[in-house]
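Input: a single structure, listed below in structure tokens.
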There are 2 protein chains.
Amino acid sequence: MDHHKQTTLFSVINAGNALEEKLSGELERIGLSMAKYGALCTLAAAEEPLPLSVCARQMTCVKSNITQLMDRLEKDELIERIPDPKDRRSVRAKITEKGAQLQKTGDEICALLEAELAQTLSAIDHKSFRETLHKIQ
Amino acid sequence: MDHHKQTTLFSVINAGNALEEKLSGELERIGLSMAKYGALCTLAAAEEPLPLSVCARQMTCVKSNITQLMDRLEKDELIERIPDPKDRRSVRAKITEKGAQLQKTGDEICALLEAELAQTLSAIDHKSFRETLHKIQ
DNA sequence: CTATAATAATTATTGTATGAACTAAATATG
DNA sequence: CATATTTAGTTCATACAATAATTATTATAG
């Protein structure tokens with residue numbers, strides 16, 4: 001869904017969306033969406049199964065979203081839900097071997113896009129560009 | 001749904017998402033979403049009712065998406081569907097007075113955010129920043 | 001002219017995201 | 001200790017975006 005305003009505001013928004021679409025197109029070929037890949041990254045970085053509420057906090061989304069996302073990831077056998085004996089309210093998401101492998105493949109795809117982007121932007125100072133963008137968040 | 005990779009790729013994606021979220025939060029206060037505002041902008045710029053397929057093309061999204069979006073806009077009385085006597089397959093979306101007014105209010109919100117962004121980025125050359133971002137799309 | 005193609009829009013299904021209402025369990029407070 | 005509050009997760013309703021399949025109409029080819 002594109003917008004066509006010639007402003008810096010929409011330049012940033014459209015550039016972000018264009019890259020997101022490109023990345024999500026690549027991820028799709030290995031059966032991942034941005035949401036699934038993001039969840040797998042969070043779980044892979046954690047090195048221990050995370051409570052779903054922690055996932056929601058780290059991924060800055062609401063709990064109900066995580067519930068559904070984990071449902072889909074579980075159906076794909078990329079994670080499994082395990083009960084937490086310390087807190088019987090809590091459910092922890094544990095990344096499977098299959099999930100960990102797919103996450104790594106996703107990282108490789110990101111690295112390729114990052115390299116491609118570096119080419120596109122070769123004329124400018126990446127670090128200052130990134131710092132500028134970071135001000136926006 | 002945030003991602004946390006420290007790359008230029010995700011700097012652009014996250015910056016775009018941050019601005020989009022900010023804008024959509026402001027638009028929400030006048031009852032608009034990004035999708036609704038985008039459709040109203042397209043129709044307001046056209047100065048004549050547009051066939052839904054033309055809307056889909058201009059907004060780079062699929063027709064089924066437009067069908068649903070126009071359903072919601074029609075329920076809000078921001079557009080109305082009118083039949084096309086020239087081609088009985090075609091349905092044209094006509095922006096209402098209420099829709100046109102809301103679209104203008106949306107433009108004002110965008111202008112405020114653009115000004116705010118200009119402040120944030122005051123140290124850099126906006127034009128070259130925009131051109132850099134434009135390479136990405 | 002008739003059979004076939006292409007086009008316009010809708011419906012149905014799925015994925016992603018949010019918020020509200022709910023259940024169960026843990027924690028805090030009187 | 002009993003009650004109230006908070007926290008964890010799910011379910012439900014809604015919005016938005018995409019795909020595939022369907023219907024209706026128009027255009028094209030033989």
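Chain naming here is simple, since letters A, B, ... match the order of the sequence lines and numbering starts at 1 in each.
Taking every nucleotide of DNA chain D with any atom under 4.0 Å from a non-hydrogen atom of chain B, the first and last of them, 5' to 3', are dA15(D) to dT26(D).
Applying the side-chain hydrogen bond (donor to acceptor under 3.5 Å, both in side chains) test to residues at least two apart or on different chains, the pairs with a partner in residues 38-63 of chain A are T60(A)-D2(B).
A heavy atom closer than 4.0 Å to some atom of DNA chain C occurs in no member of residues 94-106 of chain A.
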### Message
If you apply the rule side chain to side chain donor-acceptor pair (under 3.5 Å), what do you find for Q103(A) with D107(A), and how did you get there?
### Response
CA-CA 6 Å; Q103(A) 190 275 329; D107(A) 281 352; 3.0 Å; yes
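dT26(D) is unpaired under the Watson-Crick or G-U wobble criterion, no partner having all donor-acceptor distances under 3.5 Å.
Atom CD of Q68(A) is separated from atom P of dT16(C) by 9 Å (rounded to the nearest Å). Rounded to whole angstrom, the span from the CG atom of L27(A) across to the P atom of dG15(C) amounts to 16 Å. When the C1' atom of dT18(C) is taken as reference, atom CD of E21(B) falls 11 Å away, rounded to whole Å.
Side-chain contact check for Y37(A) versus C41(A): some heavy-atom pair is nearer than 4.5 Å. When side chains are defined from C-beta on, K36(B) does not count as touching L27(B), because their heavy atoms never get closer than 4.5 Å.
In terms of phosphate contacts, N65(A) brings a side-chain nitrogen or oxygen within less than 4.0 Å of OP1 or OP2 of dT18(C).
Place K63(A) and M34(A) on DNA chain C by their nearest nucleotides, and M34(A) ends up nearer the 5' end.
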